[in-house]
Amino acid sequence: MPDKPRLAREQIAQRAAQELTDGAYVNLGWGIPNLIADYLPAGITVYFHSENGILGMGRRAKPGEEDYDLVDAMKVPVTIIPGASFFHQADAHLMTRGGHLDAAVLGAFQVSEKGDLANWKIPGAKGTGNIGGAMDIAAGAKMLIVCMEHTTKDGSPKIVKECTYPLTALACVNTIVTDLAVMDVKPEGLLLREVAPGWTAEKVQAVTGAALHFKGHVREMSFV
Amino acid sequence: MPDKPRLAREQIAQRAAQELTDGAYVNLGWGIPNLIADYLPAGITVYFHSENGILGMGRRAKPGEEDYDLVDAMKVPVTIIPGASFFHQADAHLMTRGGHLDAAVLGAFQVSEKGDLANWKIPGAKGTGNIGGAMDIAAGAKMLIVCMEHTTKDGSPKIVKECTYPLTALACVNTIVTDLAVMDVKPEGLLLREVAPGWTAEKVQAVTGAALHFKGHVREMSFV
Amino acid sequence: MKRKVFATLDEAVADIPDGARIMFGGFGGAGFPNNLIQALARKGTRNITAISNNCGTRDGELGLMFKNNQIKHAIAAFPGPHANYFLERYAAKEVTLELVPQGILCERMRAAAAGLQGFYTTVGVGTEVAAGKEERVIEGQRCILEMPIHADFALIKAQKADELGNLTYRLAARNFNPIMAMAAKTTIAEVEEIVPVGAIDPEHVITPAIFVHRIVKAKGLRYA
Amino acid sequence: MKRKVFATLDEAVADIPDGARIMFGGFGGAGFPNNLIQALARKGTRNITAISNNCGTRDGELGLMFKNNQIKHAIAAFPGPHANYFLERYAAKEVTLELVPQGILCERMRAAAAGLQGFYTTVGVGTEVAAGKEERVIEGQRCILEMPIHADFALIKAQKADELGNLTYRLAARNFNPIMAMAAKTTIAEVEEIVPVGAIDPEHVITPAIFVHRIVKAKGLRYA
């Protein structure tokens with residue numbers, strides 16, 4: 001029997017959005033995390049933080065509405081919501097590094113079973129790699145969620161015993177949401193919390209480079 | 001022949017005021033320094049800094065004009081001049097310690113010939129001593145001027161080879177203005193620049209606890 | 001939205017336990033959270049470690065806390081000439097004191113806020129302040145290592161809050177308040193005015209709402 | 001009053017010598033001193049050490065400096081995917097790079113501004129960023145020692161200046177500019193508007209005039 005389809009990037013974002021709580025201050029990184037703002041559970045307000053000095057980012061600007069002095073960390077014109085504030089980049093990172101954000105969501109190339117994160121440089125790739133704010137965010141986040149595909153395009157595990165890519169921070173990740181599963185990093189290792197619809201714990205384990213802990217039936221991810 | 005009278009506190013302030021230049025950013029400490037604002041040379045504007053987060057303090061508030069949210073470091077209601085700004089206490093001391101002020105003027109109990117300053121605690125006195133902003137100011141000032149009486153009330157030198165009072169900072173003082181003289185702290189020791197009207201270098205030396213360097217005739221202090 | 005506005009001063013401080021480390025804003029009579037201090041006196045919390053520029057002005061400000069013997073340890077820059085109750089308790093060895101240069105007090109709180117683990121400074125080198133601290137030479141300058149000052153609570157005074165917790169301050173009543181708001185785990189602000197979310201220009205916010213956990217309206221109270 | 005307003009961009013940068021260390025503000029296309037960068041290109045200063053979040057966007061921002069081979073060393077957090085000229089020079093070993101986590105870049109500049117000699121942080125521990133840096137354990141946490149980043153000049157972009165040099169910024173174009181203004185020996189600001197002294201509310205000043213040495217009016221220039 002062929003594997004069930006994996007989740008789309010939007011579904012990963014949608015599932016990760018459920019981890020956020022009303023009134024939370026949250027930083028979203030490049031890639032899949034940046035899609036999360038569109039999938040917040042109904043009725044909650046989240047104050048999105050941008051490392052260039054914004055708290056209370058709203059949706060992206062519509063065509064014609066763009067103000068290029070009001071961009072997010074991906075250089076995309078955004079809007080603000082009531083209660084927003086502006087500050088300089090040092091204060092923005094005082095917030096990230098100082099543990100003031102309730103959660104941060106980052107993309108990743110690899111996550112280890114100890115919660116080590118590698119997300120800024122691919123070995124052998126051209127260029128220098130780009131750290132940006134990721135190291136400060138990873139070091140300081142009270143709750144760090146990683147959103148990524150479970151495996152690379154060629155099927156290699158991105159969840160591994162030890163990261164082989166250049167590290168962003170040690171033992172920083174709390175939760176991993178992929179196109180196949182939701183996992184928590186615990187002292188004893190990776191706890192498999194949920195699997196994608198139609199997948200089983202065993203099938204997810206088969207494409208994971210580290211041991212997954214689970215007891216009995218593992219719940220399916222839902223998106224409401 | 002009896003000694004000529006010593007200068008009044010106001011005259012010390014008046015002479016010290018001449019060391020300040022147009023457009024300078026200056027912090028004034030407790031005591032005599034605090035009188036300086038009243039004696040600025042005509043036609044110059046000095047931006048007075050207060051450690052509680054004011055740049056551009058003006059004169060003291062007149063009766064009826066007091067606003068108790070607008071006080072200087074001595075808790076005295078003041079005014080501001082055009083171009084003033086407010087900021088928090090950490091930024092206020094970023095200015096002092098970071099070398100951003102053009103000059104600071106502090107009072108002192110003792111100054112050594114190496115420019116060591118003691119101005120926060122009298123040995124044996126009751127209480128704890130009060131450091132306040134003096135250590136940050138002394139450590140960071142580009143030009144630190146001390147204003148004080150040349151001797152204690154009982155005639156002991158306050159300018160000494162080595163301070164015996166608890167220190168504020170090492171080798172920080174550039175210029176000393178007293179009721180008897182103006183001196184610069186130089187690598188070779190204290191250079192006597194000026195003496196009070198009617199005083200001589202020798203008479204000033206006699207009440208000074210460290211060697212004063214001077215060549216030939218020493219100019220008299222003037223107050224215009 | 002998290003509910004941050006408290007109906008009464010007493011509710012705002014109701015859970016501050018014995019032994020708490022508490023920062024108290026204010027300088028020179030301005031920006032003191034005097035209403036919250038009175039509430040804390042009514043609550044009767046004891047064995048407080050108090051972090052504040054000074055140690056009270058007669059019966060006012062922290063004077064009330066020392067009068068009631070609620071504080072066991074103070075960290076301050078300028079205990080002050082009118083800190084009568086503190087001085088009595090200190091003489092009787094009922095309270096201990098760590099005296100810290102004022103700018104370094106700010107920086108140590110800011111280090112806690114910013115998730116930094118310590119810093120080197122030239123301030124205090126060669127003085128009593130350096131006692132027991134690591135000293136090293138960096139780039140030819142003698143430096144001492146200063147450590148972060150953390151706190152469980154900050155009691156601060158602001159002029160205006162929106163219901164989300166964005167704050168502005170009036171004139172020099174700003175002083176220590178924004179630093180302490182960032183440094184403490186739980187920040188409680190007494191404010192003159194509470195306005196709807198969005199009523200403060202995002203560019204004019206001084207303390208972003210992320211740092212403020214409780215707001216209570218109270219008419220500012222000043223001691224001479 | 002010191003004359004800070006310059007008539008032309010070229011005059012404002014006329015004395016920037018070869019080998020200068022220069023901070024350049026801006027993030028995500030907003031708040032870049034692009035007019036000053038063009039003037040610096042015309043001036044032809046070489047062997048620059050550039051401190052900036054990124055390394056140019058195609059021909060824009062620092063791209064022009066790398067295209068002209070004016071920069072020999074860059075200190076940056078996010079060189080960027082569109083830093084074509086930088087990447088060419090870097091591949092050809094005509095420019096060297098120190099990659100710094102973004103918040104730590106801010107803090108290292110702020111340390112220079114604040115007269116601090118270094119600080120410990122957990123950010124970068126166990127990563128390439130820690131290479132060659134002192135590591136120690138503080139309160140059970142592995143930390144590395146980070147040193148101040150000083151500069152001779154900061155080229156920044158603000159929205160409004162008064163003739164004295166008080167600055168305000170627009171929305172998220174604030175970003176690195178206030179930090180760099182504080183950290184450099186000489187700060188040169190291009191601004192959209194110059195207003196009379198006193199026209200900016202002292203409570204709304206973001207960069208106090210003490211940090212600003214030259215002002216020049218220029219219509220903001222943005223690269224896509």
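Proteins come first, then strands; the chains are lettered A, B, ... in the order of their sequence lines, and each starts at number 1.
- Closest heavy-atom contact between R97(B) and A114(D): NE-O, 2.8 Å.
- The only option from F86(B), F87(B), Y47(B) that meets the side chain to side chain contact (heavy atoms under 4.5 Å, CB included) definition with P208(D) turns out to be F87(B).
- By the neighbour-count criterion of 12 heavy atoms within 6.0 Å, atom CD of E188(B) is densely surrounded, having more than that number from other residues, nucleotides or ligands.
- For K161(B), the NZ atom is loosely surrounded, since the number of other residues' heavy atoms within 6.0 Å does not exceed 12.
- Atom CZ of R3(D) sits about 13.0 Å away from atom CG of D22(B), to the nearest 0.5 Å.
- Scanning both residues, A113(D) and H100(B), for their nearest heavy atoms gives O-NE2, 2.7 Å.
- Of the residues considered (A111(D), A183(D), A209(D)), A209(D) shows the highest number of contacts with chain B, using heavy-atom pairs under 4.5 Å.
- Annotation: side chain of I210(D) is in contact with side chain of L101(B) (closest heavy-atom distance under 4.5 Å).
- Proximity to chain D is limited to the side chain of I80(B), based on heavy atoms less than 4.5 angstrom apart.
- Side-chain contact check for L94(B) versus F211(D): some heavy-atom pair is nearer than 4.5 Å.
- Between L55(B) atom CG and L164(D) atom CG the span is 8.0 Å, to the nearest 0.5 Å.
- Looking only at heavy-atom pairs under 4.5 Å with chain D, the residue among A139(B), G56(B), G53(B), G83(B) that has the most is G83(B).
- Remark: K114(B) NZ is packed, more than 12 non-hydrogen atoms of other residues, nucleotides or ligands lying under 6.0 Å away.
- More than 12 heavy atoms of other residues, nucleotides or ligands lie within 6.0 Å of NZ in K142(B), so this atom counts as buried by the packing criterion.
- Residue N166(D) comes nearest to A84(B) through the heavy atom pair ND2-O, 4.4 Å, listed as atom of the first residue, atom of the second, then distance.
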